[in-house]
Amino acid sequence: MSNERYNAAEREKHWQTKWEDADIFRATETEDGREKCYVLEMFPYPSGRIHVGHSRNYTMGDVFARYKRAKGFNVLHPMGWDAFGMPAENAAMERKVHPGKWTHENIAVMREQLKAMGLSIDWSREFATCDVEYYQHQQKLFLDLAEAGLAYRKSSKVNWDPVDNTVLANEQVIDGRGWRSGALVEQRELTQWFFNITKYSDELLDDLATLEKWPDKVRLMQANWIGRSEGLSIRWALDAKTAPAGHSELEVYTTRPDTLFGASFMAVAADHPLAIAAAENNAELAAFCEECRRLGTSATDLETAEKQGFDTGIRAAHPLDPNWLLPVYVANFVLMDYGTGAIFACPSGDQRDLDFARKYSLPVVPVILPSDADPARFEIDDEAYAGDGTMINSKFLDGLDTKTAFEKVTDKLEAAKLDGKPVGKRQTNYRLRDWGISRQRYWGCPIPMIHCADCGVVPVPAKDLPVKLPDDATFDKPGNPLDRHPTWKDVDCPKCGKAARRETDTMDTFVDSSWYYARFAAPSETTPVDPIAAKYWLPVDQYIGGIEHAILHLLYSRFFFRAISDCGHGTGGDPNSGNRGAREPFDALFTQGMVTHETYKSAKGQWLPPTEVKLESDGKSRKAIHIETGAPVSIGGIEKMSKSKKNVVDLDDFISAYGADTARWFVLSDSPPERDVLYTDVGVDGAHRFVQRVWRQVDEIAVLTEKNSTGQPGSFGDLALSLRKATHKCLDGVGSSIEGLRFNVAVAQLYELTNTIGSTLQKSKDGKAGDGADWALREAVTLLVQMMAPMIPHLAEECWARLGNNTLLANQPWPEAERALIVDDQITIAVQVNGKRRGEVTIARDADKDAVEAAALALEPIVRALDGKSARKVIVVPQRIVNIVV
RNA sequence: GCGGACGUGGUGGAAUCGGUAGACACACAGGACUUAAAAUCCUGAGAGGGUAACCUCGUGCGGGUUCAAGUCCCGCCGUCCGCACCA
């Protein structure tokens with residue numbers, strides 16, 4: 001017995017080189033007879049280094065890709081870099097390093113880290129979105145979208161830092177102040193580029209139903225995000241005595257016209273034209289509107305802020321009762337972006353309206369009676385009732401149900417006239433807004449447009465692409481480096497030839513990630529998306545990434561792929577014919593959980609990395625001290641591994657200590673993949689022990705069986721047979737677990753088989769194993785190694801070789817389980833009395849109900865539990881359970 | 001604030017369709033091997049009661065549906081994710 005320890009560091013490198021030399025992970029260009037399978041993990045932002053937290057996503061994708069390859073699929077498993085973005089520009093400002101240099105250095109490090117994990121990636125297709133070879137195509141896509149009217153300019157709000165004179169991202173606004181300057185942030189209007197995603201609202205919503213391999217929760221979140229609603233727009237006449245000049249009506253959108261008799265006030269956004277007009281000669285109101293603008297642009301801030309309003313003094317006439325005048329407020333919770341930027345409020349039916357009404361002592365009239373409420377006693381206290389019911393206090397609607405009332409009011413208001421036009425109009429509304437893609441930053445894809453004083457906005461002619469980022473930009477101060485570059489924006493107008501200026505906005509990085517998966521199909525093509533390759537490879541068969549992308553990235557990608565397809569860049573469909581090609585980019589989606597880790601803080605409140613902390617335990621409580629200073633360290637909460645909290649375990653450190661296989665095994669073990677997994681040293685030790693244990697086991701069995709490795713014996717003893725059954729059941733189970741991405745279950749099944757092999761091996765060594773045991777052992781470890789191969793591929797190769805094979809395991813087909821060994825003729829099912837388990841019966845698998853019932857009733861514990869009483873009813877679910885009801 | 005999810009032993013979790021709750025692992029305890037330790041191997045264990053056979057309770061909390069609920073429904077509590085310029 002050799003029994004040497006498996007040297008992961010050395011052997012992993014060895015097998016990675018073998019795979020690379022054999023070039024086995026390179027995908028074919030197109031069709032090769034096999035069924036295709038495109039496996040993709042959301043590509044990383046090159047932030048610096050890869051930590052164990054990142055590695056989980058890639059490991060999962062890799063297990064799936066390797067498994068599918070073994071199952072005979074033509075697998076495409078590429079990798080690239082989502083390489084534009086703010087951190088590079090921040091690094092440039094802080095460390096005086098060019099964003100491109102910083103990014104490419106990070107990529108170089110991270111590429112090596114990913115390679116050290118032994119991923120089955122086709123590296124020949126790698127690209128970074130910040131390279132002109134990629135973004136030039138994105139510029140072409142932009143031009144085509146603009147041509148098709150899908151990219152356009154309009155005014156919208158940004159967070160403005162008045163000290164740094166720069167636009168801030170939402171995450172750069174902390175408690176209403178700029179993160180660098182500390183200045184109070186204000187909203188400012190800028191003309192910016194937008195993609196017309198709302199044109200696709202209905203398609204994006206309706207097609208969610210076809211995404212059967214997406215998690216329901218993601219589909220639901222997207223549906224709510226799009227937020228299609230059927231409602232009514234209503235024009236309210238303004239009281240001429242109180243309205244500002246030129247304003248005679250106020251249009252609101254509502255999904256609940258049935259509650260119109262519960263209306264108690266109107267509210268408009270601070271930027272609503274009526275608010276602006278009213279503020280002109282009302283300084284207090286103007287100040288209030290200014291205050292609303294100071295909240296910045298983030299929805300979280302706007303909606304969690306205390307509800308505040310200001311009475312404009314304007315009064316609006318109720319559309320169903322011209323003598324009923326309602327006050328018009330400016331309210332900080334009404335958003336200009338949604339509907340018409342104005343609402344009528346029914347406090348009894350909407351919590352936000354109710355809170356507001358209570359605060360400003362406005363009337364609260366209940367108009368809907370819940371079906372289970374007592375009409376005499378029903379009243380609204382501090383909880384609004386938004387559900388359905390019977391109309392009350394609503395004149396001609398009284399007694400109707402909510403839906404009928406909706407129809408009746410709607411019909412009436414559609415027929416009613418104000419200034420000769422209908423008061424009400426049925427309208428489908430969406431919460432989804434067009435996608436603003438302009439960023440006033442350097443490190444992004446330049447928008448290929450030119451501003452000419454005479455010709456207006458002129459697209460850069462396709463022949464003049466790419467519009468390259470200048471290398472000699474300066475990053476010493478805030479603001480847009482493209483805008484202040486001395487010469488870059490100077491260009492001649494392509495139309496009239498006069499001096500003009502380039503667009504200095506760059507694109508949102510979400511644009512980069514909205515089509516990269518299509519580029520992977522043919523990453524060197526001269527057109528953005530090669531229709532032949534795309535038609536073959538798309539859609540992505542299995543997409544894997546974090547749940548945090550459930551809405552934006554995935555929705556943008558679904559939109560962008562449709563939009564570019566409709567401009568002729570998709571999978572070869574013809575937008576004008578019935579065949580529009582593939583519409584959805586991702587056929588199956590899996591959202592994986594994060595790797596979490598404890599956090600540590602010094603007495604001064606600084607985050608400390610785990611490497612600088614020593615943990616001590618006296619069995620009951622745990623203490624942490626700072627290794628260098630010996631100072632006490634407070635142990636904080638368990639949070640997602642992130643650079644900012646420093647609770648990361650570097651992948652290089654991990655691999656040099658334990659090897660890539662241990663890392664892979666660890667992140668797959670225990671936690672279900674869609675849930676978070678907690679990183680602990682003891683958990684890692686456990687994973688590492690397993691890797692070593694498998695190696696020992698294979699080594700021992702190889703030694704034990706190499707002398708007598710004869711053909712399959714004619715008969716097997718009980719022990720050999722039960723090992724064979726365990727092995728083939730495991731094979732069946734692991735296959736379907738990987739297929740269903742239930743990696744933690746696959747891991748448990750492999751542990752179980754290893755345990756069975758271990759005990760059989762022990763008996764064999766003791767000479768008590770009986771007929772065929774050695775052969776069964778060899779079969780078991782051989783299949784074990786093949787099953788482990790997708791998860792811990794290096795060790796599997798090593799074991800494969802140790803078992804005498806001179807082929808690469810990565811090229812072997814997935815083994816087939818023997819059906820006869822999987823199905824038992826005898827099964828054990830539980831027997832309950834009144835739902836409580838009182839015994840179990842072992843019976844032929846195909847026994848009929850009567851036989852099962854008879855056997856169950858004859859069981860000694862059942863007879864005892866029945867205690868002479870006769871069964872009232874016996875429920876027999878074949879192959880599942882017997883329940884005797886007395 | 002709005003939208004979405006999750007909650008099972010000391011710990012991570014399993015239970016694929018409403019059908020034996022706690023697979024598998026970690027930690028722990030006892031034993032074997034060893035001069036000793038490490039490593040390895042074996043055994044034990046949800047809680048409570050009982051010499052034992054066995055009994056009772058038990059999947060965040062409170063209700064409900066069902067022969068049967070971790071699983072379905074209603075309400076509550078807690079944690080996490082997203083909210084449009086972080087990626």
Side-chain angles (χ1 to χ4, degrees), chain A residues 3 5 42 44-45 47 82 84-87 158-159 167-173 192 215-218 220-221 223-225 227 297-307 333 337 351-352 355 431-441 508-510 513 546-553 555-556 591 593-594 596 619 639-640 669-672 674-678 680 682-683 685-687 689-690 692-693 696 736-737 740 742 744-745 747-752 755 758-759 762 828-832 834-840 861 864 872-875 877 880-885:
Chain A
N3 216 1
R5 268 176 86 80
M42 290 178 187
Y45 177 78
S47 57
D82 188 13
F84 274 136
M86 282 203 314
V158 294
N159 298 308
V167 177
L168 298 176
N170 282 338
E171 72 157 13
Q172 295 174 319
V173 180
Q192 308 200 74
D216 288 342
K217 61 177 172 183
V218 174
L220 189 56
M221 280 191 262
N224 289 338
W225 186 262
T297 62
S298 121
T300 316
D301 291 345
L302 295 175
E303 292 186 29
T304 52
E306 196 196 342
K307 309 280 164 290
F333 63 86
D337 291 319
Q351 193 60 43
R352 216 161 39 170
D355 295 344
R431 213 187 69 99
L432 182 67
R433 310 195 297 256
D434 272 344
W435 175 13
I437 60 145
S438 278
R439 298 292 181 270
Q440 294 69 40
R441 283 191 256 283
D508 179 6
T509 56
F510 271 127
S513 55
I547 184 69
E548 68 272 22
H549 295 293
I551 297 176
L552 291 182
H553 162 60
L555 191 62
Y556 288 154
T591 54
M594 310 291 164
T596 56
E639 308 206 39
K640 159 179 146 183
S669 300
D670 289 353
S671 272
E674 69 278 10
R675 232 187 280 177
D676 289 351
V677 61
L678 174 64
T680 59
V682 285
D685 286 339
R689 269 203 300 275
F690 176 78
Q692 291 293 345
R693 183 178 167 206
R696 274 197 314 276
S736 54
S737 294
R742 291 186 301 274
N744 59 322
V745 179
V747 164
Q749 286 161 330
L750 289 171
Y751 265 114
E752 212 165 354
N755 290 341
S759 61
Q762 194 57 46
T828 300
I829 60 178
V831 181
Q832 300 177 330
N834 285 339
K836 282 186 183 171
R837 197 186 77 96
R838 295 297 174 187
E840 54 188 35
R864 187 152 34 82
R872 263 199 307 139
K873 194 171 167 190
V874 179
I875 290 143
V877 182
R880 290 243 151 176
I881 203 156
V882 179
N883 191 8
I884 300 161
V885 187

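Lettering of chains follows the sequences in order, A, B, ..., and the numbering in each one begins at 1.
B:C76 sits 16 Å from B:A5 when the P atoms are compared, rounded to a whole Å. If you take atom C1' in B:C17 and the same atom in B:G30, they sit 42 Å apart, rounded to whole Å. When the P atom is used for both B:U20 and B:A37, the distance is 45 Å, rounded to whole Å. Rounded to a whole angstrom, the distance from the P atom of B:A27 to that of B:G78 is 34 Å.
Proximity note for A:Ala299 (side chain, C-beta onward) versus B:C83, B:A25, B:C67: the nearest is B:C83. Side-chain atoms of A:Glu548 lie closest to B:A87 of the nucleotides B:A87, B:A23, B:U56. Each of B:G12, B:A84, B:C81 was ranked by its minimum atom distance to the side chain of A:Ile547; first place goes to B:C81. Checked against B:C85, B:U20, B:A87, the side chain of A:Asn159 finds its nearest nucleotide in B:C85. Residue A:Leu432 has its side chain nearest to B:A84 when only B:C86, B:A25, B:A84 are considered. Distances were taken from every side-chain heavy atom of A:Gln832 (C-beta onward) to each of B:G19, B:G13, B:A23; the shortest belongs to B:G19. Checking B:G4, B:C85, B:U56 against the side-chain heavy atoms of A:Leu220 singles out B:G4 as nearest. Taking the side chain of A:Lys836 as heavy atoms from C-beta on, and the options B:C85, B:G13, B:C57, the nearest nucleotide is B:C57. Set against B:A84, B:C41, B:G7, the side chain of A:Arg675 has B:G7 as its closest nucleotide. Ranking B:G19, B:G1, B:C85 by closeness to the A:Ile881 side chain, first place goes to B:G19.
Using Watson-Crick or G-U wobble geometry with both donor-acceptor distances under 3.5 Å, B:A68 finds no partner in any strand shown. The partner of B:U40 is B:A32, judged by Watson-Crick or G-U wobble contacts that both fall below 3.5 Å.
Its glycosidic angle being within 90° of 0, B:C17 falls on the syn side. In B:G58 the O4'-C1'-N dihedral to the base is more than 90° from 0, which defines an anti nucleotide.
For B:C86, the base has no donor-acceptor partner in the side chain of A:Gln172 [N/O atoms by modelled type, under 3.5 angstrom]. Residue-to-nucleotide contacts include no donor-acceptor pair under 3.5 Å from the side chain of A:Asn170 to the base of B:C85. For A:Gln192 and B:C85, a side-chain-to-base donor-acceptor distance below 3.5 Å is present, hydrogens and geometry of angles not being considered. Taking only distance into account, the side chain of A:Asp670 meets the base of B:G12 through a donor-acceptor pair shorter than 3.5 Å. Residue side chain A:Arg441 reaches the base of B:C85 through a donor-acceptor N/O pair under 3.5 Å, judged by distance alone.
For the OP1/OP2 pair of B:A25 and a distance below 4.0 Å, the side-chain nitrogens and oxygens of A:Asn755 include at least one atom meeting the criterion. Checking the phosphate oxygens (OP1, OP2) of B:C41, a side-chain nitrogen or oxygen of A:Arg693 falls inside 4.0 Å. Taking side-chain N and O atoms only, A:Asn744 has a distance below 4.0 Å to OP1 or OP2 of B:A14. Contact between the side-chain N/O atoms of A:Thr509 and the OP1/OP2 oxygens of B:A87 is found at a separation under 4.0 Å. The side chain of A:Arg880 contributes an N or O atom lying less than 4.0 Å from OP1 or OP2 of B:G19. Taking 4.0 angstrom as the limit, A:Arg689 places a side-chain polar atom (N or O) nearer than this to OP1 or OP2 of B:C26. Phosphate proximity of B:A84 to A:Arg433: absent, as no side-chain N or O sits under 4.0 Å from OP1 or OP2. At B:A53, none of the side-chain N or O atoms of A:Arg864 fall inside 4.0 Å of OP1 or OP2 (strictly under the cut-off).
Looking at heavy-atom distances under 4.0 Å, A:Thr828 makes contact with a base. At a threshold of 4.0 angstrom between heavy atoms, the contacts of A:Ser671 are confined to the sugar-phosphate backbone, with no base atom among them. When heavy atoms are screened at a 4.0 angstrom cut-off, A:Gln749 is found touching no nucleic acid atom at all.
The one candidate from A:Ile881, A:Val882, A:Val877 that meets the side-chain contact (heavy atoms from CB on, under 4.5 Å) condition with A:Ile829 is A:Val882.
Remark: side-chain polar atoms of A:Asn170 are not paired, donor with acceptor, to backbone N or O of A:Thr297 under 3.5 angstrom. Proximity of a side-chain donor or acceptor of A:Asn744 to a complementary backbone N or O of A:Asp670 within less than 3.5 Å is detected.
If A:Glu840 and A:Tyr45 are placed on RNA chain B by their nearest nucleotide, the residue sitting closer to the 5' end is A:Glu840.
Per the geometry, CZ belonging to A:Arg872 stands 13 Å off C1' belonging to B:U66, to the nearest Å.
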Exercise. Dump the intermediate steps for side-chain contact (heavy atoms from CB on, under 4.5 Å) on A:His553 and A:Phe510, then the final yes or no.
Key: CA-CA 6 Å; A:His553 162 60; A:Phe510 271 127; 3.7 Å; yes

